[in-house]
Amino acid sequence: MKMTEQLETAFINQINLEIESSLLYRQLGIEMELMDLPGISAWFISHAAEERGHADKLIAHLTDRDNHPVLGEIKVPEVKVTSITEAFDIALEAERGVSESIRNLYRLAEEVGDLDSRPLIDWFLTEQIEEEETVSQILGRARLVGQDGSGILRIDDELGGSAGA
Ligand code: FEO
């Protein structure tokens with residue numbers, strides 16, 4: 001069943017936010033490459049693809065229901081980082097913003113009684129818990145190693161392995 005215009009707008013905003021996240025992660029991948037950290041760069045690039053996947057999931061839900069997703073003006077987030085801690089700090093802050101936006105989507109879907117979007121929004125709520133936890137754990141480890149080169153290289157190796165680099 002087609003969703004209401006108000007909920008459609010909220011879904012479209014979420015799609016644009018996921019694309020914005022994707023661009024943010026892609027930019028962080030560039031920043032890490034420039035810091036000669038190919039493993040961390042690969043991790044951010046693979047995460048950028050995941051965010052695109054999130055946007056696609058939401059787009060598919062709308063088109064399946066005969067709603068009309070329209071991609072909006074997407075801001076490319078400006079990031080300048082001088083350490084891996086800063087990069088993961090930015091990522092965590094962005095994930096927290098996405099989580100809050102998903103919660104608002106849930107609240108609105110409840111308010112308008114849209115049952116059909118429930119499984120998808122539930123999936124996103126669970127996904128956000130995992131995403132925040134993953135980024136927060138890497139950030140914690142980045143803080144532990146600080147500016148220690150061998151510690152940073154170890155994180156680079158590990159993340160490179162997990163990103164399939
Ligand atoms: Fe799709 Fe990491 O939020």
Side-chain angles (χ1 to χ4, degrees), residues 3 6-33 37-65 67-81 83-110 114 116-143 155-156 158-165:
M3 67 176 70
Q6 188 192 13
L7 188 60
E8 183 187 77
T9 301
F11 263 88
I12 289 173
N13 291 341
Q14 188 64 39
I15 290 165
N16 288 322
L17 186 59
E18 300 288 349
I19 295 174
E20 191 183 306
S21 291
S22 175
L23 292 172
L24 172 69
Y25 278 108
R26 189 63 188 84
Q27 185 65 45
L28 289 170
I30 293 169
E31 301 303 310
M32 294 299 104
E33 185 63 43
L37 295 168
I40 301 177
S41 174
W43 187 89
F44 277 123
I45 291 169
S46 99
H47 211 91
E50 242 182 74
E51 298 299 346
R52 265 301 294 274
H54 291 170
D56 288 342
K57 233 174 157 64
L58 294 161
I59 289 170
H61 182 72
L62 260 63
T63 54
D64 284 353
R65 295 179 62 184
N67 284 94
H68 192 163
V70 178
L71 303 182
E73 210 174 283
I74 319 266
K75 286 180 292 173
V76 182
E78 238 184 81
V79 288
K80 279 203 184 86
V81 296
S83 69
I84 65 168
T85 308
E86 269 180 86
F88 284 99
D89 239 332
I90 290 169
L92 184 58
E93 199 189 315
E95 288 300 343
R96 286 179 174 151
V98 171
S99 300
E100 193 46 32
S101 177
I102 293 286
R103 286 183 208 110
N104 286 334
L105 197 57
Y106 178 94
R107 289 180 190 113
L108 181 62
E110 283 274 287
D114 190 89
D116 294 3
S117 60
R118 199 140 182 184
L120 181 65
I121 299 177
D122 281 346
W123 183 89
F124 271 96
L125 285 171
T126 307
E127 176 74 2
Q128 279 312 117
I129 294 171
E130 272 175 35
E131 298 229 314
E132 280 191 44
E133 164 57 13
T134 303
V135 176
S136 160
Q137 195 179 67
I138 302 170
L139 176 61
R141 299 182 68 216
R143 284 199 176 122
I155 294 178
D156 189 56
E158 287 174 5
L159 291 189
S162 72

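Quantities reported herein were computed from a predicted structural model and do not represent experimental measurements. In each ligand, atom 1 is the first atom listed, and ligand 1 is the first ligand listed. Heavy atoms only: backbone and side chains are in, while hydrogens, waters and symmetry mates are out.
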Return all side-chain donor-acceptor pairs below 3.5 angstrom for residues 56-63, not counting sequence neighbours, or 'none' if the list is empty.
{"from": "His61", "atom 1": "NE2", "to": "Arg65", "atom 2": "NH1", "distance (Å)": "3.1"}
{"from": "Thr63", "atom 1": "OG1", "to": "Ile59", "atom 2": "O", "distance (Å)": "3.2"}
{"from": "Thr63", "atom 1": "OG1", "to": "Ala60", "atom 2": "O", "distance (Å)": "3.2"}

Item to check | Residues Glu133, Arg96: salt bridge by 4.0 Å N-O rule | outcome: no
Next on the checklist: So that I can tick it off, tell me whether Arg141 and Glu158 are bridged by a salt bridge, with the cut-off set at under 4.0 angstrom between side-chain N and carboxylate O.
Outcome noted: yes
Item to check | Atoms named by residue and atom, protein N, O or S, within reach of atom 2 (Fe) of ligand 1 (under 2.8 Å) | outcome: Glu51 OE2, Glu95 OE1, Glu95 OE2, Glu131 OE1
Item to check | Nearest non-hydrogen partners of Phe88 and Val135, listed with the distance | outcome: O-CG1, 3.7 Å
Checklist entry - Going by distance alone, is a donor N or O of one side chain under 3.5 Å from an acceptor N or O of the other, for Ser22 and Glu51? => result no
Item to check | Polar side chain donor-acceptor pair, Gln14 to Glu18, under 3.5 angstrom | outcome: yes
